[in-house]
Amino acid sequence: MPLDWQRIEVLDDAMIALYRARTPAERLSMGNECNLSARRLIAAQLSSTRPDWTKEQVAREVARRMLGGSG
């Protein structure tokens with residue numbers, strides 16, 4: 001699916017300065033935390049809307065969505 005450039009948030013200069021002040025390890029850690037949070041939110045939503053699914057089914061669907069797959 002192509003990116004819709006009009007739906008992407010643009011950071012302001014103050015936020016950019018804050019991110020640049022972080023070490024590479026800190027930036028990687030922040031990205032990892034964002035990834036984990038997204039996975040948890042998707043899993044919680046799936047578990048709520050699909051209570052009949054097993055943990056394995058939820059995990060597979062989370063992975064599929066995170067990888068941008070359709071099947």
Side-chain angles (χ1 to χ4, degrees):
M1 174 165 56
L3 235 57
D4 181 356
W5 293 105
Q6 293 181 345
R7 296 188 66 195
I8 294 176
E9 281 189 44
V10 177
L11 295 175
D12 65 18
D13 292 337
M15 287 304 298
I16 292 170
L18 289 172
Y19 289 129
R20 285 185 177 156
R22 301 283 182 148
T23 67
E26 288 172 325
R27 291 194 299 262
L28 283 172
S29 178
M30 290 169 63
N32 185 54
E33 288 299 319
C34 288
N35 183 284
L36 291 173
S37 292
R39 289 177 181 274
R40 287 185 196 115
L41 287 170
I42 294 168
Q45 186 269 338
L46 286 170
S47 295
S48 174
T49 58
R50 305 286 189 166
D52 55 315
W53 280 14
T54 66
K55 288 184 180 184
E56 291 78 20
Q57 287 173 302
V58 170
R60 274 198 304 273
E61 180 63 12
V62 169
R64 187 189 71 77
R65 292 183 185 196
M66 291 295 292
L67 293 171
S70 61

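On a predicted model such as this, the values are computed, not experimentally measured, just so you know. Residues: numbered from 1 along the sequence shown.
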With ILVMFWY side chains joined below 4.5 Å, transitively, what does Leu18's cluster contain besides itself?
Leu11, Met15, Ile16, Tyr19, Met30
What residues form a salt bridge (charged side-chain N to carboxylate O under 4.0 Å, His left out) with Arg65, not counting sequence neighbours?
Glu61
Donor-acceptor pair, distance only, cut-off 3.5 Å: does the side chain of Ser48 make one with the backbone of Ala44?
no
So, taking the atom named CD in Glu33 and the one named CD in Glu26, what distance separates them when rounded to the nearest 0.5 Å?
12.5 Å
Answer yes or no: are there more than 12 heavy-atom neighbours, outside Asp13 itself, under 6.0 Å from its atom CG?
no
Walk me through it: do Gln57 and Asp52 pass the test side chain to side chain contact (heavy atoms under 4.5 Å, CB included)?
CA-CA 10 Å; Gln57 287 173 302; Asp52 55 315; over 6 Å; no
Using the rule that Ile, Leu, Val, Met, Phe, Trp and Tyr join whenever any side-chain heavy atoms are under 4.5 Å apart, tell me whether Met66 and Leu46 fall into a single cluster.
yes
Which value, rounded to the nearest 0.5 Å, describes the distance between Ser37 atom OG and Asn32 atom CG?
9.5 Å
Expected output: side-chain Arg27 to main-chain Arg22 donor-acceptor under 3.5 Å
yes
Looking only at atom types and distance, does a side-chain atom of Ser29 sit under 3.5 Å from a main-chain N or O of Ala25, one as donor and one as acceptor?
no
